[in-house]
Structure formats: structure tokens, C-alpha cells
Amino acid sequence: MGRVRNFDRDAVLESAVDVFWERGYDGAGMQEICRVTGLNPGSVYAAFGDKHGLFIEALKSYMASMSRETIARLNSNPSGRAGIADYYAALIEAMLDGKRRWGCLVTNSIVEFAMNDPQISEAFQLHLARLETALSGAIERAKQAGELSRDVDAAEAAVFLVCTTQGLNVLAKTRPSRRTLEAITRHAFTAVGFKA
């Protein structure tokens with residue numbers, strides 16, 4: 001095994017995230033990984049064990065970053081409805097003009113691995129649970145503010161919105177129009193019980 005040279009682990013993981021996100025696990029060759037991270041193969045193996053080890057760490061880094069951003073966005077507005085609307089507006093913008101046009105690394109990974117990798121499955125479940133919790137909190141705030149009927153089950157509505165988000169993540173790879181993405185989120189809001 002090669003000796004691990006000094007490097008910025010966070011920067012390496014950020015670069016690895018982009019390669020795996022854009023190309024998928026199988027499509028990301030070691031040569032490309034080394035080129036974008038600036039590491040030689042020996043350093044990758046010494047630091048992360050192998051390509052799979054690097055992928056798992058990159059995936060966890062991505063999920064931590066996405067969870068922080070999502071929770072902050074959903075919680076930054078006192079209005080639960082506005083927090084959820086802001087979350088979906090930012091998601092749509094990223095799907096049209098940002099890296100989300102590649103979909104979501106977590107969603108892509110689940111599709112690619114078809115739940116055959118326990119480490120990825122466990123990380124995926126944790127990521128979804130965080131999103132559900134954040135959405136459920138925003139829905140509860142909306143209920144308390146009279147933006148949504150108190151009869152709405154926040155946990156069930158949050159699961160529905162998570163499913164909507166995952167569907168959008170898959171759809172993003174087909175380069176949908178803004179109109180399509182906004183129509184989907186508008187109908188999701190109506191299905192949850194928000195008035196137009």
C-alpha cells in the first residue's frame with residue numbers, strides 16, 4: 001500500500017463527491033478520481049482502503065452537507081409553509097442550474113446499487129429520516145400557524161414530501177423544465193393540504 005501523503009481530506013472528499021455524483025460509482029474510474037482529487041492511487045488506497053471506501057466517505061460527507069443545508073433552510077423561516085416552499089424553490093434552482101441537474105447523489109446511489117450494499121442502505125435511511133424530521137417540524141409549525149389543518153398528520157405528510165423529493169431527484173436527470181418541476185411541487189403542496 002502507498003504511503004498517505006498530506007492532503008486536505010475535506011477537499012478530496014468534495015472533489016470525489018462531484019465525480020461520483022456526475023458519473024456514478026461504476027462510471028467513476030480510478031484515473032479520473034485521482035485526477036480530480038490530486039491523489040495517486042496508492043494514497044487513495046492508503047487513506048480510504050479502496051474506491052468503495054472513498055465512495056462511502058464521499059457519500060457521508062455529501063449527506064451531512066445536504067442535511068445541514070436542508071434543515072437550515074426549512075427552519076430559517078418561522079412560517080412552516082414558507083420554509084417548505086423555500087426548500088423546494090432552492091431544489092428546483094439547483095436542478096435547473098446547479099449540480100442537482102445530476103440528480104441527488106444519495107438517490108442515484110440507491111438506484112445504482114439497488115439496495116445491495118448495506119452501508120449505503122443504512123446511510124440512505126439515516127439521510128431520509130433527517131429529511132422527514134425536518135419536514136415534519138415545518139409541517140407542525142404550519143399547523144400551529146393556521147397555514148394547514150390541524151388534522152393533517154405531520155409524519156405522514158413529511159413521508160409524502162420525501163417521496164416527492166426523491167421523485168424530483170430522479171426526474172432531474174432528464175433535464176425537466178421549470179414549469180414541470182414547479183407543477184409537481186404545487187400539486188404536492190395541495191396534496192398535503194396547503195391552500196394554493
Side-chain angles (χ1 to χ4, degrees), residues 17-18 20-22 24-25 55 58-115 117 119-143 147-149 152-196:
V17 161
D18 285 351
F20 289 126
W21 195 356
E22 183 177 13
Y25 179 82
F55 176 71
L59 184 63
K60 287 180 178 177
S61 174
Y62 169 88
M63 287 189 298
S65 174
M66 289 296 108
S67 291
R68 275 192 308 273
E69 289 176 23
T70 298
I71 291 167
R73 192 170 295 282
L74 286 168
N75 292 336
S76 64
N77 198 311
S79 162
R81 186 188 199 289
I84 296 169
D86 185 40
Y87 165 68
Y88 279 110
L91 191 63
I92 288 170
E93 288 306 318
M95 288 176 175
L96 295 171
D97 298 319
K99 292 179 182 178
R100 280 285 183 143
R101 68 187 181 280
W102 301 330
C104 167
L105 179 59
V106 176
T107 307
N108 295 350
S109 300
I110 288 301
V111 171
E112 185 173 7
F113 285 90
M115 301 297 285
D117 188 309
Q119 282 183 291
I120 293 173
S121 178
E122 181 181 337
F124 181 66
Q125 295 303 324
L126 179 61
H127 182 69
L128 288 187
R130 287 181 186 143
L131 179 56
E132 283 177 23
T133 300
L135 284 165
S136 182
I139 291 164
E140 283 293 351
R141 289 199 317 277
K143 287 168 59 175
E147 299 170 331
L148 196 57
S149 168
V152 172
D153 184 303
E156 289 180 2
V159 169
F160 173 76
L161 291 178
V162 167
C163 288
T164 300
T165 300
Q166 295 310 309
L168 288 169
N169 286 331
V170 173
L171 185 63
K173 297 186 76 146
T174 69
R175 304 292 194 269
S177 68
R178 178 183 298 279
R179 182 178 177 184
T180 296
L181 295 172
E182 289 179 348
I184 292 167
T185 57
R186 189 170 59 250
H187 284 289
F189 264 60
T190 302
V192 166
F194 288 111
K195 293 178 183 172

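For this chain, numbers begin at 1 and follow the sequence in order. All values derive from a computational prediction rather than experimental measurement. Note that these values count all heavy atoms, side chains included, but never hydrogens, waters or copies made by symmetry.
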Nearest atoms (heavy-atom pairs only) where [X] meets [Y]:
X: R141; Y: P78; value: NE-O, 3.4 Å
X: F194; Y: A142; value: CE2-CB, 3.7 Å
X: G83; Y: L74; value: O-CD2, 3.6 Å
X: N77; Y: S79; value: OD1-N, 2.9 Å
X: D18; Y: W102; value: O-CZ3, 3.9 Å
X: K195; Y: R81; value: O-NH2, 2.9 Å

Check: Restricting to pairs with a member in residues 169-178, which pass salt bridge (charged side-chain N to carboxylate O under 4.0 Å, His left out), not counting sequence neighbours?
Finding: E93-R178, R178-E182

Margin query: According to salt bridge (charged side-chain N to carboxylate O under 4.0 Å, His left out), does anything in residues 121-133 pair up with another residue at least two apart or in another chain? List the pairs.
Written below: none

Pairwise side-chain contact, [X] with [Y], heavy-atom cut-off 4.5 Å (strictly under):
X: I139; Y: L161; value: yes
X: S67; Y: H127; value: yes
X: T70; Y: L91; value: no
X: V192; Y: I84; value: no
X: F20; Y: L59; value: no

Rounded to the nearest 0.5 Å, what separates atom [atom1] in [X] from atom [atom2] in [Y]?
X: Y25; Y: L105; atom1: OH; atom2: CG; result: 13.0 Å
X: L171; Y: L181; atom1: CG; atom2: CG; result: 6.0 Å
X: L168; Y: C104; atom1: CG; atom2: SG; result: 11.0 Å
X: S76; Y: I71; atom1: OG; atom2: CD1; result: 12.0 Å
X: M66; Y: E69; atom1: CE; atom2: CD; result: 4.0 Å
X: L131; Y: M63; atom1: CG; atom2: CE; result: 12.5 Å

Next item on the list: Determine whether more than 12 heavy atoms belonging to other residues, nucleotides or ligands lie under 6.0 Å from atom NZ of K60.
Entry: no

Notebook entry, point to check: What residue pairs, at least two apart or across chains, pass ring pair (Phe, Tyr, Trp, His ring centres under 6.0 Å) with a residue in residues 62-90?
Noted result: W21-Y62

side-chain hydrogen bond (donor to acceptor under 3.5 Å, both in side chains) partners of [X], counting only residues at least two apart:
X: T133; value: none
X: T174; value: none
X: Q166; value: T107

